[in-house]
Amino acid sequence: MIKLNINNKNYELDIDPDTPLLWVLRDTIGLVGTKYGCGVAQCGACVVHLNGEAVRSCVTKISRAAGQNVITIEGLSENNDHPLQKAWVELDVVQCGYCQAGQIMSAAVLLRENKNPTDKDIELAMEGNICRCGTYLRIKKAIHLAAEIQRNGS
Amino acid sequence: MEIKPGKKRLNIRYAKFAIIIIFIVSVSGLLASGFRSNTSHEKAWVVEVNNKDSIASVDAFMKVYQVLKSPRCMNCHPAGDIPLQGDDSHLHTMSPIRGKDGKGVYAMKCSNCHQPTNSAGLNTPPGNPKWGLPPDDMKMIFEGKSPRELALQIMDYKRNGHKNKAQLLEHARDTLVKAGWNMGAGRKPPPLSYKEFVAAWDKWINNGGVAPK
Amino acid sequence: MEQSRSIPSRRSFLKSSLLAGGGLLISFTWFPGAGIADPSKMNDLPEQWNELNGYIKITPDNIIKILNPNPEFGQNVMTSLPMIIAEELEADWQQIVVEMGPHDNVKLGPQFTGGSNSVRMYWKPLREAGAAARQMLIEAAAQTWNVPVEEVTTKAGMLYHEKTGKSGTYGSFASKASGIPIPKNITLKKVKDFKVVRNSQKNVESLKIVSGKPLFGLDYKHEGMLIAMIQHPPAFGMKLKTFDAGEALKMPGIKDVFRQQLYEDGYEQAGFDTRTFNDLLVVVGNTTWEVMNARKKLKVTWDPIEDSKETIAARGGKKEVVIPGGLESTSTHLEKMQEYAKKPAQQLRRDGDPETAFKNAAQVIERTYNAPFLAHNCMEPMNFFAYVTDEKALVVGPLQAPGWTEPTLSKILQLPADKIEIQMTRMGGGFGRRAYAHYLIEAALISKKVKAPVKLIYTREDDMTYGIYRPMYTATYRAALDANKNLIAFHVKGGGIPEHAIHANRFPAGAVDNYLAEGWEIPSNITIGAFRAPRSNFNAAAEQSFLDELAEVMGKDPIDLRLELLKKAKENPVGQNNEYDADRYAGVLNLVKEKSGWNNTENKKYSRGVAAYFCHNSYAAHVVDIVMQNGRPYVERVFSAIDCGIVVNPDAATNMVEGAVVDGIGNSFYGKLSHKDGAAEQNNFNRYRMIRHSEVPKKIEVHFVQNDIDPTGLGEPPFPPVFGALANALYRGTNKRYYNQPYFDEFLKQAGKPENKRSF
């Protein structure tokens, strides 16, 4: 039995400890906001927070997450009102939308560690997240806006 | 564990090796110098070497060098702040950067992808709990270094991560170093076996840590 | 399907709400004038919803639900198509609820996402649908209030009669309106009166996307659903011989391993029935991870394929296609292309006497351009859900052309179309790939075999190595100049594996007196298909680079040369069937010239390249500014000028152009799928380089030509000319012409850097 805490909810699962967290989230628990994109930690679509760090769930064995705190896009905010979520909607970032949960989860770690990131900081933090539609420019703007919302508390 | 650099203290600690080398040994075309750094860096320690030992030491280092320059070691001791990747040592995709502690930055920390153990399958990240680059203030670059440069660097307390002799010897037994021989599918191990590497490393250091000319 | 509420204002977030019971549904056929709804049938419908499956439903409390007919793959039709209806309906956009429509080509039109057609083909029918509904509501109010129809006005979902001061919501008249006959004559709004269209409206699904709601095919769940994967051959040119599933079947969670033929022998393929392999080895189990692991335990032997023929019934009739045996490699492809380029080819267009003109020329310029196969690399890999029984089929997932897939599915399952339900999920990218829905057929056959609901999943490796790729292309361009450096003849000879890219009737055809276009093709067993702006995405690289080089030789500004040629094409066009409008073509060039400050000296610090192209009925021009930094070229700024007629949703359209620019830079810089002995050499993003955050221009400035022309395509047109503009900018930045894609490989070669080392 593996004990998990996902989005502040406890789970106890009888599952192969080598199973990637991604498939436990998607197939077992039913949280499908975390996406499968490459399976080899290249694209960032599967980023979740493990004790606050932006781990790639496709290569994170469930055993590593046992007893730790996992936050997925579904649990990033209570009312979908994280500054990043607000900024994403405000600036109409998405095209197909498939990569965006991963982008937001990566950006959330950046904003926690750097309240006022520069373009360069954003690139350093986000280079691991691929957007096939090419919304990068808007993602960058949205992160700046989210930082502003975060600073102004609105 | 940490030892402050200082000739005196080191000399005391390694008293039995402690004679400053003041000559350069030259045997059959092979020029080797002991711990005679031509920089102002302080030395890890100093030893007396004789001809025979120097040759043995340099010989051993040349084996060590092949390992250090293999992708399994060099990829995480890059010249820049972005690690290298793969058997062809290309720049790491997605350009993760070193960060202050060598563990990456923001959403691009090494351990976000590099797990405590290897991930299954081809092209997946190799794993180790200590995965990372040397820190920003001690980059310990291997890439682009000649045998002499690299040997001098490793022997230089100020540039080797402040390792004394015992710590250097110990470093070959480090789990992250050892992981170089088990990096998952599709990655060639270093040219020497781990056992051979440790033997060569020890021999190099124990025979004076001589840097090839 | 879940509904999405329109997102009204800055930092205000509405939750989507379910429609309350009661209300009206107004249904419209695709063909205007054919009678939009049959009122007699309304009486038989349940009181609460009058479900007829049309575009518009209105509740008594005035919530207006609009069904989006066309599959959404990121082009934002979930927002823009309902906007068109809302405009003519005079609905309050803030009260609109949008829902993805079911697959129903009779009631909801062609439902095809591709060819940059969504807005173009739905523009008129949706306006008519909205306008007719509004007229019916007016009629209902006029009858109720007993006032003349002409005196009833509408605004933002309300009906008014000024003289009597009466007013009411659409919702309060919706029920009565359903009984009103469909108006025969529909008056559409004047463009200048648009309130919703031409005003930026936010993506109605944004909030769901950023909060991780299940929207995509891969997210779909069904009770008792199993997971299936296909073990494909290790290379093109191979097929399944034998397999031993003993160990795989012992793995946890595994239900079945079997061989499944996709199309029966002699099956006549429709145009979009392309598939990579026909003889499939299928693994079915409980969860994705279990199936992935079991796959690794399969023991399989493969056989080489022999030359075979396939019958394909595409537009323009049936044709026999030879699929050659053999294991193909990129190196031999390149050699073969050089060899074929020297052979006589099929003439596609000929004006004047090009041979004589070239013979008499004072100067002939000849250049050859090459481009590799490209993989679509949609972020959401191919997948589909199917639940097929002997009686019916339910299939759910991402696809671009349900109307083309349904007949194939019907034939293969031997089920009539009315027993097939296709639900379209949001797609994690498409780019043409999901028009080829073989993966849907595969899922259906697997479900039928295992008698259970099944989701077929392609891993990234499956998706990339067994794709329906952009073909490999080459083209040689020749230009003849007289002694005064006038362009007297133009010749393009293009080839490809397995098809060429030449659009013979496009610019500069029509602008040169002596013109020749030819094409040749090399058969291949590597599967190809549409990829964002098929063929154009190569032509706009090659032709626009060639024109740039030509301008240099002729001593002309590259924009001026194009404008001169376009002037000639307008005033004194050569030949027949010229596909483009020279004025609109020149229009985007002039606009980009102005907006980019083409001749301003302060822009001299950039290495600038320009290109313009026409495709999918729209015109696009870009100026790309590069800088050399850390020893490599970066695109710093891009200026884009687009003429796609009326822009329905300006900010979303801008987003799409920005994306096309980034996609263009990414694919021309890095895109490459190469083969060795039939096997793809790139199988995941570690080897297939995708453009990433730091490589994107700091600024992309998008300008639309303002006109009142009915909308034309936008998803594809901005993409191709990026390739040409970038090549031309690179020339100015590096002093080398770029003839081979991907450009970054070419740059590394020229800079003397080993190809596999990214020293940047």
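Keep in mind that what you see is a predicted model, and the values were worked out from it rather than measured. Naming: A, B, ... by sequence-line order, numbering from 1 per chain.
Under a cut-off of 6.0 angstrom, the local environment of NZ in Lys188(B) is sparse, with at most 12 non-hydrogen atoms contributed by other residues, nucleotides or ligands. No more than 12 heavy atoms of other residues, nucleotides or ligands sit less than 6.0 Å from atom NZ of Lys297(C).
Remark: Leu122(B) CG to Asn684(C) CG distance equals 10.5 Å, nearest 0.5 Å. Annotation: the span from Arg687(C) atom CZ to Thr93(B) atom OG1 amounts to 9.5 Å, rounded to 0.5 Å. Here the OG atom belonging to Ser95(B) is positioned 12.0 Å from the NE2 atom belonging to His693(C), to the nearest 0.5 angstrom. Going from atom CG of Asn686(C) over to atom CE of Met94(B) covers 9.0 Å, rounded to the nearest 0.5 Å.
Proximity to chain B (any heavy atom under 4.5 Å) is shown, for Asn293(C), by neither the backbone nor the side chain.
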